[in-house]
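Here is the structure we will look at.
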Amino acid sequence: AILKTGRCEFDKKGYREFVKNIKRKIDLGAPLAWSVVLGIVPENPPLPQLFGGHARLIFGYNATNNELLYSDSWGAKHTRKVMKMDDAWAITTGLMAFESKHRN
């Protein structure tokens, strides 16, 4: 809770940029590689890894509910997951877009 408050309340500019970057890239059709620290916010279904670094793929967002849509590499139960943006920002260590050099 302390980390989440610190990241979201005391780094409001960083949080706004995080959300803006996700929306902009997803709207352009570019998925995002997302590096996180596990064990900070509760997740469902439970994770096979309780804490430490991990990578995920962000493929969408829900602006109405302020959520991002992502996938994990841990099998069928983890292919489409949802997390509140403030929880996502609290655990984020990096974000990288996949963009094509060629437009169709």
Side-chain angles (χ1 to χ4, degrees):
I2 293 170
L3 177 62
K4 183 176 167 180
T5 299
R7 295 271 334 245
C8 295
E9 293 300 318
F10 300 120
D11 187 9
K12 290 182 181 184
K13 181 180 178 191
Y15 176 70
R16 284 191 306 268
E17 286 294 314
F18 172 73
V19 173
K20 183 174 93 174
N21 285 333
I22 289 171
K23 290 179 178 180
R24 184 181 54 200
K25 295 298 183 182
I26 295 300
D27 288 348
L28 290 172
L32 297 148
W34 175 38
S35 59
V36 300
V37 176
L38 302 176
I40 295 173
V41 297
E43 299 194 41
N44 195 12
L47 305 175
Q49 180 181 337
L50 299 178
F51 59 89
H54 185 59
R56 295 170 162 166
L57 182 72
I58 298 173
F59 60 83
Y61 66 91
N62 180 327
T64 303
N65 295 332
N66 200 33
E67 297 170 331
L68 61 82
L69 308 173
Y70 66 100
S71 181
D72 256 330
S73 57
W74 291 318
K77 292 181 182 177
H78 301 274
T79 57
R80 187 185 185 286
K81 298 171 82 173
V82 177
M83 183 179 288
K84 292 290 187 185
M85 286 286 189
D86 56 349
D87 284 344
W89 173 237
I91 68 172
T92 295
T93 58
L95 201 59
M96 182 176 59
F98 294 98
E99 297 180 11
S100 172
K101 288 178 144 182
H102 308 284
R103 296 224 180 239
N104 293 337

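Throughout, residue positions are numbered sequentially from 1 according to the sequence presented. In this text, all values refer to a predicted model and were calculated from it rather than measured experimentally.
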#### Entry: With L38 via side chain to side chain contact (heavy atoms under 4.5 Å, CB included) - residues at least two apart
V36, E43, L47, Q49, H54, R56, W74

### Query
Does S35 have any side-chain hydrogen bond (donor to acceptor under 3.5 Å, both in side chains) partners at least two apart in sequence or in another chain, and if so, which?
T93

Which atom pairs, one a donor and one an acceptor, fall under 3.5 Å between side chains of residues 83-91 and the rest of the protein, sequence neighbours left out?
unit_1	atom_1	unit_2	atom_2	d
K84	NZ	N65	O	2.9
D87	OD1	K4	NZ	2.7
W89	NE1	R7	O	2.9

### Task
Give, for atom NZ of K25 and atom CG of L28, the distance between the pair rounded to the nearest 0.5 Å.
6.5 Å

### Summary
A55 meets the side chain to side chain contact (heavy atoms under 4.5 Å, CB included) criterion, sequence neighbours left out, with none

### Query
So which heavy atom on I58 is nearest to which on I26, and how close?
O-CD1, 3.7 Å

### Query
Residues two or more places apart in sequence or in another chain: which of them pass side-chain hydrogen bond (donor to acceptor under 3.5 Å, both in side chains) with R80?
none

### Task
Report whether V19 and L68 are members of the same hydrophobic cluster (ILVMFWY, side-chain heavy atoms less than 4.5 Å apart, transitive linking).
yes

### Query
Sequence neighbours excluded, which residues qualify as side chain to side chain contact (heavy atoms under 4.5 Å, CB included) partners of A63?
K23, Y61

### Query
Are L95 and F59 joined in one hydrophobic group, where the rule is that I, L, V, M, F, W and Y side chains link up if heavy atoms are under 4.5 Å apart?
no

### Query
Taking only residues two or more places apart in sequence, or in another chain, which ones meet K81 in a side-chain hydrogen bond (donor to acceptor under 3.5 Å, both in side chains)?
D72, H78

### Query
Residues in salt bridge (Lys or Arg N to Asp or Glu O under 4.0 Å) with K12, at least two apart?
E9

### Query
With sequence neighbours left out, what residues match K20 under side-chain hydrogen bond (donor to acceptor under 3.5 Å, both in side chains)?
E17

### Message
Under the ring pair (Phe, Tyr, Trp, His ring centres under 6.0 Å) definition, can you give me all pairs with a residue in residues 30-51, not counting sequence neighbours?
### Response
W34-Y70

